[in-house]
Amino acid sequence: MVDVNDQSQGHSGTSYSARCSIFLGLVLAGTMLGACSPGGDPAPVAELPASSTPAPTATATVPPLLIVDAAAKPRDVAPVPGAGAPCGIVDTLDAPLEPPDGLGSGVRWPYGIKSRRYGGKYHAGEDWGLRGGRNLGKPVYTIGHGQVIYSAPLGWGRDQGVMIVRHAFEDGDTVLSFYGHLDPPSVTLPVGSCVARGAMLARIGNPRTSPHLHFEIRDHMPNEPGPGYWSVDPALAGWHPPSLFIWTQRIRTTPGVAWTRTVTEPLRAALGPAADGTIVIQPDVRRLIGLDAADGTERWTITVARPLADAVLDADGDTLYLLDRLGSVAALALGGTTGDDPAALDGWITARAGRAGAPSVLWADDAGRGASPTIIALPGPGGGVAVQAGEILRGFWPDGRVGWSVAGLPPVDGHALADGWIVLTTPEQSGSVRRETVPAEGPGGGLRIVALPLPGRPAVAGNRAFVLHAEGVWSARLDGPDVVRRHPLPRGVLDEGQILTLADGGALVTHRGVANRRLLRLDASGGLVWDRRIDHVDPRLPSLLRTRGLTGPAPRLVTASSDVLRLDLLTGEATRVFAGGARVSGGRALAPPQALNEGTLLVQLDTGGPEGLLVAIEPEGDVQAE
């Protein structure tokens, strides 16, 4: 059966499917804790004073964030004949129309869709056309280096010419690209011809339907046109989604990408790399997966019996701490360390598997259960964790012993650890500041604990805490006096805002208000340095993350389509250093990006199908662009 542009589903010859358009946006985004035991008297505290005169709220005249594009594109490599690749190895892939990015073209009848005209069979390819003007006679290009293995001016009879090109990849895999509905006089390349990526193959012909290109990516039928439609899901019979296949290869070959892997669920969290080179990802509340940091291959998977509230790695990177939603905590050994105390194992790990040793349980503690639990990995040689559940914050040694505890704390709204401080914020904006100090010989020895009666998300820079809440930013000295200064913002959505401290003691803030989205820089005292509108940057509020730049840790803005922007903290301008190019309508990531310890970014892109693409962006790609 020949392939035609099916009109029975309401797709005309001049319309385009927004859901399946390729490459949308692709531009290849106190008291010492000697008295810190339960029942000890808290230190005297001062009430929070009224805030000082607030800075004026920015208005609609706030300038937009200026973005300069410096994102590296996939590298061009000339085809060099070799064993198994007589016409060269694929360097990257381009669009078959308007290469390299296909920005002037699109898919108007997608892959895998059922056709009533063909008895409910599935479309084995995509129907491509230009976005403006006539398709008849327009050039068709090979998507990558390869060899012509089928060339027939009337391969589809009345529906005209067909060409097939075989492409060889560096790992030894091969794939076939298929081009149908070609103008017969233009199909002149003989079988055996070598073609380089972007070389013109033929022109769009005039089939029984309106002129368009039928384009497939497949693994079979190298010497015949095939039917164009298939009786079952074509993905089960040797075909690939064409746009996704090209886009994925372009992402993989973009400078700065270390590895990619397909995933089936949104990424909830990522930790590491651990001391043994494992990245721990959490796809849901009951599973943890260990990936090799070098190539993203799976090392192990564990399933837990209890829904997890959080997980953290210790300072040495060899112990993984799990916190369930009731405040129970367990320590798991990474890197082949022995464990599995039967008493600790009970009620935690239900299954594990993998090519490398999965984590084993060292110990567990159920004694401190309580509402809204929080876990904090403690710094220093002793390591360990602090866990708050209910009104008690306890510090655990790596062997499971409790080294200290603080009682009578309010529920935690947010927490931050940096520069020798643990800062807790509370849901209620009232009461007194609570200060404690961890004993020098305890886990996280010498840390100072400050509980601020401010709702919101805290961040610590030096001896100051910034707290982001729905209506503004508070700045508080942690070592007293309790001077709190508020920078007001239009009422917005706190859940989407972020605050990131800077090396100079200031902070960056993202804020989503009712009318606009904003990025602000504050100085070390909480004053406004600059304010930029970012409505044009992202359909959602971008993520603030810290990666490694030329001079050390540096802030980056990551968009929903996984473009990575380097921020100029002096001018309030940005440079795009990586273009993620999410391809589906709206261009979005499946989950917030994650920054790993050494600065690698993990972003998960929506592919428009059941699988997402997890992409590891190495800091070298960012540095190169700088």
Side-chain angles (χ1 to χ4, degrees), residues 51-58 62-63 65-68 379 414-423 425 447-448 450 452 454 456-469 472-489 497-511 518-534 537 541-558 564-577 593 595-599 601 619 622-623 625-626:
S51 64
S52 59
T53 303
T57 302
V62 170
L65 181 71
L66 176 65
I67 302 174
V68 176
H415 70 273
L417 183 147
D419 301 320
W421 300 90
I422 295 178
V423 175
T425 55
L447 281 173
R448 288 169 288 181
V450 177
L452 296 173
L454 292 171
R457 297 178 176 176
V460 180
N463 63 355
R464 183 173 295 276
F466 295 93
V467 180
L468 172 65
H469 63 100
V473 181
W474 291 78
S475 173
R477 283 281 299 272
L478 296 175
D479 54 358
D482 297 322
V483 177
V484 178
R485 179 169 177 264
R486 178 184 174 211
H487 179 78
L489 293 168
Q498 285 180 276
I499 187 162
L500 185 71
T501 56
L502 304 173
D504 65 358
L508 284 171
V509 176
T510 57
H511 174 76
R518 310 246 295 273
L519 172 68
L520 305 92
R521 183 190 173 189
L522 307 179
D523 63 23
S525 64
L528 181 66
V529 178
W530 47 255
D531 187 355
R532 298 289 183 267
R533 287 187 292 109
I534 53 175
V537 174
L541 199 63
S543 297
L544 274 173
L545 296 172
R546 201 186 314 274
T547 68
R548 187 176 64 214
L550 284 174
T551 58
R556 300 290 183 257
L557 201 65
V558 184
V564 181
L565 308 180
R566 182 184 68 234
L567 297 173
D568 187 320
L569 297 178
L570 180 63
T571 65
E573 298 175 353
T575 301
R576 182 181 290 107
V577 294
L596 301 177
N597 293 344
E598 85 289 0
L601 292 175
D622 191 353
V623 171
E626 298 189 44

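Along the sequence shown, the residues carry numbers beginning at 1. Here the structure is a predicted model, which is why all the values come from computation and not from measurement.
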Legend entry - 4.5 Å side-chain heavy-atom contact, Pro63 and Asp531: no
Inset, instruction - Examine distances only and state if a side-chain atom of Arg477 and a backbone atom of Ser525 form a donor-acceptor pair shorter than 3.5 Å. - result: no
Inset, instruction - Of all the heavy-atom pairs spanning Val529 and Asp523, show the shortest one and how long it is. - result: CG2-N, 3.6 Å
Inset, instruction - Begin from the C-alpha positions of Asp419 and Arg448 and carry the test salt bridge (Lys or Arg N to Asp or Glu O under 4.0 Å) through to its verdict. - result: CA-CA 10 Å; Asp419 301 320; Arg448 288 169 288 181; over 6 Å; no
Legend entry - Distance-minimising heavy-atom pair for Val537 and Leu565: CG1-CD1, 3.9 Å
Legend entry - Derivation of the side-chain contact (heavy atoms from CB on, under 4.5 Å) call for Trp421 and Val450: CA-CA 7 Å; Trp421 300 90; Val450 177; 3.6 Å; yes
Inset, instruction - Output the distance between atom CG (Leu66) and atom CD (Glu573), rounded to the nearest 0.5 Å. - result: 4.5 Å
Inset, instruction - Write down the atom of Ala574, the atom of Leu567, and the distance for their closest heavy-atom approach. - result: CB-CD2, 3.9 Å
Legend entry - Side chain proximity check, Val467 to Leu452, heavy atoms < 4.5 angstrom: yes
Inset, instruction - Evaluate the side-chain contact (heavy atoms from CB on, under 4.5 Å) criterion for residues Leu519 and Trp530: first the C-alpha distance (whole Å), next the side-chain angles of each, then the deciding distance (0.1 Å), finally the verdict. - result: CA-CA 8 Å; Leu519 172 68; Trp530 47 255; 3.9 Å; yes
Legend entry - Main-chain N/O of Val62 paired with Arg532 side-chain donor or acceptor, under 3.5 Å: no
Inset, instruction - Supply the atom-to-atom distance Leu557 CG to Leu545 CG, rounded to the nearest 0.5 angstrom. - result: 8.5 Å
Legend entry - For His511 against Leu541, the heavy-atom pair lying closest together: O-CD1, 3.8 Å
Legend entry - Ser475 and Arg464 side chains, donor-acceptor separation under 3.5 Å: yes
Inset, instruction - Kindly indicate whether the side chain of Arg546, heavy atoms from C-beta on, has any atom under 4.5 Å from the side chain of Leu500. - result: yes
Legend entry - Check: Arg521 side chain, Leu569 main-chain N or O, donor-acceptor pair, under 3.5 Å: yes
Inset, instruction - Looking only at non-hydrogen atoms, find the nearest pair between Asp568 and Leu570 and report the distance. - result: OD1-N, 2.9 Å
Legend entry - Intermediate values then yes/no, side-chain contact (heavy atoms from CB on, under 4.5 Å), Leu508 and Leu522: CA-CA 6 Å; Leu508 284 171; Leu522 307 179; over 6 Å; no
Inset, instruction - Determine, step by step, whether Val473 and Arg457 satisfy the side-chain contact (heavy atoms from CB on, under 4.5 Å) criterion, reporting the C-alpha distance in whole Å, the side-chain angles of both residues, the deciding distance to 0.1 Å, and the verdict. - result: CA-CA 9 Å; Val473 181; Arg457 297 178 176 176; over 6 Å; no
Legend entry - Gap between atom CG of Leu417 and atom CG of Leu447 - 0.5 Å precision: 5.5 Å
Legend entry - Heavy-atom donor-acceptor pair, Gln498 side chain to Leu544 backbone, under 3.5 Å: yes
Inset, instruction - Using modelled atom types only, decide if a donor and an acceptor are shared between the side chain of Thr425 and the backbone of Gly456 within a distance under 3.5 Å. - result: yes
Inset, instruction - Starting at CG of Leu489, measure out to CG of Leu528 and round the result to the nearest 0.5 Å. - result: 9.0 Å
Legend entry - Minimum-distance pair of heavy atoms, taken over all atoms of Ala461 and Phe466: CB-CE1, 4.3 Å
Inset, instruction - First locate atom CG of Asn463, then atom CG of Leu478, and finally report the distance between them rounded to the nearest 0.5 Å. - result: 6.5 Å
